Amino acid sequence: MLQNQNHQQLMTDLKELVDKTRSQVAAQVNSAMVVLYWEIGKRINEDVLDNKRAKYGKEVIVQISQQLTLEFGNSFSEKNIRKMMQFASVFNDFNIVASAMRQLSWTHFLLLIPISQDTKRNFYLEVCKIENWSVRVLREKINSLLFERTAISKKPEEIIDKELKNWSEKNILNPDLVFKDPYFLDFLELKDTFSEKDLEEAIIVELQKFISELGSDFAFLSRQKRITIDNRDYYLDLLFYHRKLKSLVVIELKLGEFEASHKGQMELYLSYLNKYEKVEGENPPIGLILCSGKNSEHIELMNLEGDNIKVAEYLLILPSEKVLLEKLHRSIEIARNKFENKK
């Protein structure tokens, strides 16, 4: 019996060793491939694109592709060669590639190359690296306009770059990299008239999808958590905890637009949690008020950021990507202009 147990343990250990080694080899192969493709792109850019004759450049690229494909396979098709050239052009600083190639595959980089805005591309690069996103998750995040919806996008580019660097190098996470506006809740499939209770129940039924929209580091704690103040009972709609922010997060659901009274309600909840629920080592709690609409001037005048309160709109029906992008870009431009005027 003992001999059989020892044999089973030996086999388990050997399988783990094989899996670990395979993963390490795969990571090394991926890194080598990324370096190779960058170097090929850089060399062709220098030797071919410096010659301004477009026809000459095209002919040379075709010839290079044909010769490399004949000897090394379809990985060096003309289309792929041009991707390598774009790769080296977009990521012209190899240090950026070197810092990410252990976590990001060539396919990850292929999704990042078409992003024209440097800060936006850097956002996805850094968050993908830190959060260890798969290719599928990165594609979903880009398609869902994560950058444009994240609060940090409304800050000047130098601040975005600084906060990304703080997160990557010092593990200091700014909440503006976590919270979004708007939130996409189309998966709830709520139609016609419904109450705040209906909205809350739909979120609980689709809790996994809701947490996916909030962010992977949110952990659900409670629904309708009762707190008692001066012998009066209050109920928090949803209570979460964010691992990396090390903060309790209260989410209040509102059917209409944001109102001034919502701030007072949330301040009361946050003060209670800060006094009675926060444990040693945690940061102050954060409040997120989800509304079906927003009054931007109300929000600006009430200094909600200083009180650790976020206000965001939720969308149950998504507009077209074009309309949504125009709305988000306009919002980002207005916010950045206001920031510059304050300076």
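Any value given below was found using the heavy atoms of this structure, including those in side chains, with hydrogens, waters and symmetry copies removed. On a predicted model such as this, the values are computed, not experimentally measured, just so you know.
Residues E78 and Q66 have side chains that never bring a donor and an acceptor to within less than 3.5 angstrom of each other. Checked by atom type, the side-chain pair E148/S153 shows no donor-acceptor distance below 3.5 Å. Checking Q265 against K254 by side-chain atom types alone, a donor-acceptor pair falls below 3.5 Å. For the residue pair D233 and T228, a side-chain donor N or O sits within less than 3.5 Å of a side-chain acceptor on the partner. A donor atom on one side chain and an acceptor atom on the other are found under 3.5 Å apart for Q224 and D237. In this structure, a donor-acceptor pair under 3.5 Å is present between the side chains of D198 and S195.
For the residue pair A312 and K180, the shortest heavy atom distance occurs at CB-O, 3.3 Å. Taking both residues in full, the closest heavy atoms of S31 and M101 are given as OG-O, 3.5 Å, listed atom of the first, atom of the second, then distance. A pairwise comparison of heavy atoms in I289 and M266 identifies CG1-CE, 3.7 Å as the closest pair. Taking all atoms of both residues into account, the shortest heavy-atom contact from L173 to V178 is CD2-CG2, 3.7 Å. Heavy atoms only, all atoms of each residue included: L255 and Y314 are closest at CA-OH, 3.6 Å. Counting all heavy atoms, side chain and backbone alike, C291 lies closest to G256 at CB-O, 3.4 Å.
F87 is not listed as a side-chain neighbour of L110, based on a closest heavy-atom distance of 4.5 Å or more. At a threshold of 4.5 Å between non-hydrogen side-chain atoms, the residues C128 and Y124 do not count as touching. Side-chain contact between W133 and Q103 is absent, with no heavy atoms from C-beta onward closer than 4.5 Å. Within the 4.5 Å cutoff, no side-chain heavy atoms of L238 are placed close to those of V250. Two residues are said to be in side-chain contact when any heavy atoms from C-beta on lie closer than 4.5 Å; R102 and N30 fail this criterion. Two residues are said to be in side-chain contact when any heavy atoms from C-beta on lie closer than 4.5 Å; L304 and F258 meet this criterion. L245 is listed as a side-chain neighbour of P175, based on a closest heavy-atom distance under 4.5 Å. A heavy-atom distance below 4.5 Å is found between the side chains of L185 and L188.
Linking Ile, Leu, Val, Met, Phe, Trp and Tyr residues whenever their side-chain heavy atoms come within less than 4.5 Å places L207 and L288 in a single cluster. Placement of F184 and F210 in two distinct hydrophobic clusters is found when ILVMFWY residues are connected by side-chain heavy-atom separations under 4.5 Å, directly or transitively.
Contact check on E163 versus K155 returns no salt bridge, with no Lys/Arg side-chain nitrogen under 4.0 Å from an Asp/Glu carboxylate oxygen. A salt bridge links R149 to E213: one of the charged nitrogens lies within less than 4.0 Å of a carboxylate oxygen. Ion pairing of E313 with K327 is present here, as a side-chain N (NZ or NE/NH1/NH2) and a carboxylate O approach within less than 4.0 Å. Taking 4.0 Å as the cut-off between side-chain N and carboxylate O, E158 and K162 do not count as a salt-bridged pair. Here E39 does not pair with R43 in a salt bridge; the nearest charged N to carboxylate O distance is not below 4.0 Å. Using a 4.0 Å cut-off between charged side-chain N and carboxylate O, K197 and E200 make no salt bridge. Between E267 and K263 there is a salt bridge, since at least one side-chain N of the basic residue sits less than 4.0 Å from a carboxylate O of the acidic one. Ionic pairing of E131 and K141 is not present here: no N-O contact between side-chain nitrogen and carboxylate oxygen is shorter than 4.0 angstrom. Between D176 and K310 there is a salt bridge, with a side-chain nitrogen of the basic residue lying less than 4.0 Å from a carboxylate oxygen of the acidic one.
Between F147 and F123, the gap from one ring centroid to the other is short of 6.0 Å. Taking the six-membered ring for Trp, F91 and F109 have ring centres closer than 6.0 Å.
Checking side-chain atoms of S168 against main-chain N and O of K165 turns up no donor-acceptor pair under 3.5 Å. The closest donor-acceptor contact from the side chain of S247 to the backbone of P284 lies under 3.5 Å. Within the 3.5 Å criterion, the main-chain N or O of T119 finds no donor-acceptor partner in the side chain of D161. Between the side chain of D230 and the main chain of R232, no donor-acceptor pair closer than 3.5 Å is present. Judged by distance alone, with hydrogens and angles left aside, the side-chain atoms of N45 form a donor-acceptor pair with the main-chain N or O of G41 at under 3.5 Å.
When the shell of 6.0 Å around CD of E140 is examined, it contains more than 12 heavy atoms from other residues, nucleotides or ligands. Heavy atoms from other residues, nucleotides or ligands lying under 6.0 Å from CD of Q117 number more than 12. Summarising the local packing, CD1 of I317 is surrounded by 12 or fewer heavy atoms from other residues, nucleotides or ligands at distances under 6.0 Å. For N337, the CG atom counts as densely surrounded, since its 6.0 Å shell holds more than 12 non-hydrogen atoms of other residues, nucleotides or ligands.
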N/O donor-acceptor pairs under 3.5 Å from side chains in residues 318-326, not counting sequence neighbours:
residue, atom, partner, partner atom, Å
S320, OG, V323, N, 3.2

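Take N166 and apply the side-chain hydrogen bond (donor to acceptor under 3.5 Å, both in side chains) test, not counting sequence neighbours, and it matches no residue.
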